[in-house]
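The block underneath contains the structure these notes are about, expressed in structure tokens.
These numbers come from a predicted model, not from an experiment. Letters A, B, ... mirror the listed sequences (proteins, then strands); counts begin at 1.
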Amino acid sequence: MFKELDPLLHSQLRLQIISLLISVDSAEFGYLAEQTGATKGNISVQLTKLKNAGYIEVHKSFRDNYPLTQCNITPKGIAAFESYVAAIQEYIKK
Amino acid sequence: METTFNEQDSIRVITEMIENSKSRIKDNSFFYLLWGWLVLIASITNFILLKMGYFNIAWIPWPILMFGGGIVSGIAGYRMGKKAKTKTMFDTTMAYLWSGFVITLFIILFVAASGNISWQASNVLIIALYGLGTFVSGGILKFKPLIIGGVISWAIAVATLFVPEIYSLLMVALSIVVAYLVPGYLLKSKEKNQGHV
């Protein structure tokens with residue numbers, strides 16, 4: 001029996017975002033766009049999904065009159081990522 | 001794209017993203033060089049003034065240079081923080097290390113100024129504290145010259161007990177050269193080679 005892969009993380013862009021956030025305290029929206037190469041619209045949609053699941057927190061503020069979006073992973077997100085990695089390892093072993 | 005996304009792809013995505021975010025060591029050499037030069041100038045000027053017999057004003061270089069350094073550091077730190085797009089565990093650790101460093105430094109200076117310990121003893125403690133700062137930040141950065149500079153600083157701290165009081169200022173200068181300036185320039189050239197900001 002194999003564990004069910006978390007559908008929320010088993011998608012390229014969302015997994016990219018979570019993997020980036022796992023190694024930093026917080027990251028800006030622009031950084032995520034730069035590293036993933038995805039469009040801002042797409043990232044925005046995926047961030048909302050991750051936020052609604054409680055995997056990440058999104059903070060909106062302003063810097064020099066420009067909107068600034070910062071994201072960070074939550075303990076729930078870290079736990080989800082860890083069990084996703086564990087599940088993947090099972091699949092690889094098979 | 002999502003339909004063809006398999007387990008191998010997942011692993012590739014995870015490793016790629018983690019690699020990208022971890023190799024971003026920020027330019028820290030600026031602070032080592034700034035403080036290295038300021039302390040070097042202050043300790044040598046202090047020494048020269050004492051040698052020339054200006055006992056009353058010999059300490060003057062310290063507050064002037066340190067205050068100036070504090071302002072420059074504050075502005076530079078604020079600007080760098082604004083430019084940085086991510087905040088890592090590394091940034092947080094460094095911020096705590098160096099603010100703790102400054103507080104400890106003030107306590108030592110306060111105790112020395114109150115006359116409870118001699119200036120020589122305070123110089124020993126300050127050199128040992130410099131060693132701690134470089135040693136720990138070298139460990140965080142995984143940068144050997146800083147770690148070695150820290151260890152040498154500790155040796156200099158102990159040696160300072162055995163020199164005449166006035167020369168303890170030159171020992172401070174020496175520890176700054178080995179613990180801050182030399183590693184600072186090495187760090188700068190390393191960052192340059194990596195094509196970093």
Side-chain angles (χ1 to χ4, degrees), chain A residues 2-39 42 45-46 49 59 61-64 66 68-73 78 80-94, chain B residues 1-28 31 73-101 136-137 139-143 191 194-197:
Chain A
F2 289 111
K3 283 188 199 164
E4 193 74 13
L5 285 177
D6 187 343
L8 214 56
L9 293 183
H10 198 60
S11 113
Q12 173 144 354
L13 185 51
R14 287 196 295 271
L15 188 60
Q16 279 181 317
I17 294 170
I18 287 288
S19 307
L20 284 171
L21 292 180
I22 200 104
S23 43
V24 299
D25 279 357
S26 70
E28 287 178 18
F29 188 89
Y31 176 78
L32 296 177
E34 192 181 288
Q35 293 296 319
T36 58
T39 62
N42 196 359
V45 172
Q46 307 310 332
K49 285 186 186 169
H59 301 279
S61 59
F62 284 91
R63 186 166 68 197
D64 298 338
Y66 286 96
L68 173 69
T69 306
Q70 285 172 305
C71 317
N72 62 275
I73 195 163
I78 294 174
F81 180 76
E82 281 169 352
S83 54
Y84 178 80
V85 171
I88 286 284
Q89 279 169 343
E90 298 242 332
Y91 274 87
I92 304 273
K93 270 189 229 153
K94 122 179 113 163
Chain B
M1 187 183 266
E2 298 213 359
T3 47
T4 59
F5 190 66
N6 63 27
E7 300 82 53
Q8 301 292 343
D9 292 330
S10 305
I11 297 287
R12 186 182 44 75
V13 163
I14 295 170
T15 19
E16 231 175 61
M17 290 299 122
I18 289 180
E19 275 304 311
N20 280 359
S21 49
K22 92 174 177 199
S23 62
R24 307 199 143 217
I25 285 192
K26 287 166 196 159
D27 187 357
N28 270 283
F31 293 103
S73 286
I75 295 172
Y78 176 72
R79 281 199 181 156
M80 282 183 192
K82 256 176 76 170
K83 261 205 300 194
K85 289 177 179 166
T86 54
K87 196 165 155 248
T88 60
M89 204 39 213
F90 164 85
D91 303 315
T92 319
T93 320
M94 283 298 219
Y96 273 94
L97 169 67
W98 291 109
S99 34
F101 173 95
V136 175
S137 54
I140 298 168
L141 284 166
K142 296 195 179 68
F143 190 60
E191 279 155 0
Q194 286 179 347
H196 244 302
V197 205

Could you tell me which portion of [X] (side chain, backbone, both or neither) has an atom closer than 4.5 angstrom to a non-hydrogen atom of chain B?
X       : value
A:Leu15 : both
A:Asp64 : side chain
A:Tyr84 : side chain

- Apply salt bridge (Lys or Arg N to Asp or Glu O under 4.0 Å) to A:Arg63 and list each qualifying residue two or more places apart in sequence or on a separate chain. A:Glu28

- What residues form a ring-ring contact (aromatic ring centres under 6.0 Å, His included) with B:Phe143, not counting sequence neighbours? none

- Task: Might you point out which heavy atoms bring B:Val13 and A:Gln16 nearest each other, and give the distance in Å?
- Result: CG1-CG, 3.4 Å

- Do you know which two heavy atoms are closest between A:Gln35 and B:Met17, and how far apart they sit? O-CE, 3.6 Å

- Item | Value rounded to 0.5 Å, distance of CD in B:Gln8 from CD1 in A:Ile88 | 9.0 Å

- Message: To the closest 0.5 Å, what do you measure between OG (A:Ser19) and CD1 (B:Ile11)?
- Response: 9.5 Å

- Is it the side chain or the backbone of B:Thr92 that comes within 4.5 Å of chain A heavy atoms, both, or neither? side chain

